[in-house]
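Lettering follows sequence order; numbering is per chain, from 1. The basis for the numbers below is simple: all heavy atoms, side chains too, and nothing from hydrogens, waters or symmetry mates. In this text, all values refer to a predicted model and were calculated from it rather than measured experimentally.
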Amino acid sequence: MIDSGPPPEEDDAGVADDADMWRRLPPFLNWVIWDARERTFRASSAAFQNLKNRRLSVCLTCYAPVAFTPQAFVERHPGYGVAAIRTGDARAEGQIIVPEAVPDEVAHGHMVGDKPKGVQRALARAARLLLLPEDAIAPLPTLTDQEAR
Amino acid sequence: MSGEAATLLTDFDVRRAGTGQDRVRRISSADGGLVRYSIRDGSIVWLTSPSLPTWVPAIVDDLVRLALLGDNWDSYGARPIRSENIRTAFEALLTLVRPTTPRPYVVPTVSGGVQFEWHTEGADLEIEIAAPLRLEVFWEPAAGPAVELEIISDFQRLRDWIAQIS
């Protein structure tokens with residue numbers, strides 16, 4: 001018998017394109033950067049790098065309890081920020097959305113797909129910051145030595 | 001270090017489950033000229049000079065902070081940052097930057113790598129060290145197409161890009 005492996009994952013069509021997915025951003029690690037061209041803070045591309053199996057953990061807010069807030073999302077993670085990205089923006093970058101509830105997070109899911117650096121950056125640019133991590137205002141390494149003199 | 005008037009700035013032990021005791025040390029001479037930075041099984045020694053930006057010691061602090069990260073530092077299962085990646089990142093940075101290069105963001109990646117990021121009005125440059133001797137680079141000028149490539153040995157193109165943001 002040929003082992004064909006697990007069945008291919010399918011995009012959850014029940015998650016609308018305008019539904020938000022949330023991702024936690026740890027503090028003090030420069031996962032929020034200042035984009036001088038756009039003149040805004042945004043998430044680093046590092047926040048959208050797969051850990052393994054082409055998967056990135058997210059919170060599918062459409063499956064979250066009513067009135068679930070970014071603050072509640074990071075309640076057990078002091079200092080963390082929250083980035084939101086619309087499902088449609090992720091799908092436009094070739095990602096599929098796969099719900100996978102876990103005991104502590106019923107709305108947990110995965111954004112599944114290859115994420116080379118260009119895709120990571122596109123996701124980061126499409127994301128909005130709902131909650132800044134604790135350090136986000138502090139580091140602005142924009143002065144060159146020449147300017148500092 | 002013999003002969004130099006050294007000042008110990010930080011000296012602390014780092015413990016990670018399963019890897020034994022790591023030692024991270026930063027030493028600077030009295031005039032800030034010599035800095036020695038050791039992580040686990042290797043060390044980096046360099047002389048500060050007019051060819052290096054003054055923010056280099058601050059980058060050491062950033063990298064030391066990454067060396068301290070344990071498992072699951074992002075709450076999603078991220079891996080600790082590999083010390084060989086930290087060392088490679090640091091050495092690459094020293095050989096690539098100019099005195100006028102802006103200070104980069106030092107960013108840990110979930111796979112245990114290190115990423116340097118510059119986001120200037122003229123261009124974005126991201127360099128990820130996911131493994132020693134392998135740099136993944138993304139260059140996006142304000143005008144012109146973005147370029148994504150992996151660099152193993154030829155750093156000239158990367159030097160040119162860093163020159164453009166410096």
- Message: Assigning hydrophobic clusters by single linkage (Ile, Leu, Val, Met, Phe, Trp, Tyr; side-chain heavy-atom cutoff under 4.5 Å), is L96(B) placed with V114(B)?
- Response: yes
- Message: Within 45 degrees of the ring normal and closer than 6.0 Å to the centroid, is that where the cationic atom of R23(A) sits relative to Y76(B)?
- Response: yes
- Note on the structure: From the list L56(A), I33(A), D35(A), the residue making the most non-hydrogen contacts under 4.5 Å with chain B is I33(A)
- Item | Hydrophobic cluster membership, I97(A) vs V82(A), 4.5 Å side-chain cutoff | no
- Message: Ignoring hydrogens, what is the shortest heavy-atom contact between W34(A) and Y105(B)? Give both atom names and the distance.
- Response: N-OH, 2.9 Å
- Are V98(A) and I85(A) linked, directly or through other ILVMFWY residues, by side chains that come within less than 4.5 angstrom of each other? no
- Item | Proximity breakdown for P27(A) and chain B, heavy-atom pairs closer than 4.5 Å | neither
- Item | Toward chain A, the part of W118(B) with a non-hydrogen atom under 4.5 Å | neither
- Do you know which two heavy atoms are closest between P108(B) and A46(A), and how far apart they sit? O-CB, 3.8 Å
- Message: For R55(A), which atoms come within 4.5 Å of any heavy atom of chain B: side chain, backbone, both, or neither?
- Response: neither
- Item | Interatomic spacing from CG in L25(A) to CG in D74(B) - rounded to 0.5 Å | 10.0 Å
- Message: Please classify the contact of A142(B) with chain A as side chain, backbone, both or neither, using a heavy-atom distance under 4.5 Å.
- Response: both
- Message: Salt bridge or not between R121(A) and E148(B)? Use side-chain N to carboxylate O under 4.0 Å.
- Response: no
- Residue E140(B) versus chain A: region with a heavy atom under 4.5 Å: both
- Query: Any luck finding a side-chain donor-acceptor pair between Q115(B) and Q49(A) under 3.5 Å?
  - Reply: no
- Could you tell me whether Q71(A) atom CD has more than 12 heavy atoms of other residues or ligands within 6.0 Å of it? yes
- Query: With side chains defined as the heavy atoms from C-beta onward, is the minimum distance between E126(B) and S44(A) less than 4.5 Å?
  - Reply: no
- List the atom of A36(A), the atom of H119(B), and the distance in Å for their closest heavy-atom pair. CB-O, 3.1 Å
- State whether the number of non-hydrogen atoms from other residues, nucleotides or ligands found under 6.0 Å of Q156(B) atom CD is greater than 12. yes
- Treat each ILVMFWY residue as a node, draw an edge where side-chain heavy atoms are under 4.5 Å apart, and state whether V74(A) and L132(A) are in one component. no
- Message: Let me check something: do W22(A) and V110(B) share a hydrophobic cluster, defined by ILVMFWY side-chain heavy atoms less than 4.5 Å apart, either directly or through other members?
- Response: no
- Task: Go through the atoms of S111(B) and report whether side chain, backbone, both or neither lie under 4.5 Å from a heavy atom of chain A.
- Result: both
- Query: Counting only N and O atoms by type, is there a donor-acceptor contact under 3.5 Å from the side chain of N30(A) to the main-chain atoms of V107(B)?
  - Reply: no
- Item | Atom pair CD/OG of E128(B) and S45(A) - distance to nearest 0.5 Å | 7.5 Å
- Message: Please classify the contact between Y80(A) and chain B as side chain, backbone, both or neither, with a heavy-atom cut-off of under 4.5 Å.
- Response: side chain
- Do NZ/NE/NH1/NH2 and the carboxylate oxygens of K117(A) and D124(B) come within less than 4.0 Å? no
- Given side chains that start at C-beta, do those of L69(B) and L29(A) come closer than 4.5 Å, heavy atoms only? yes
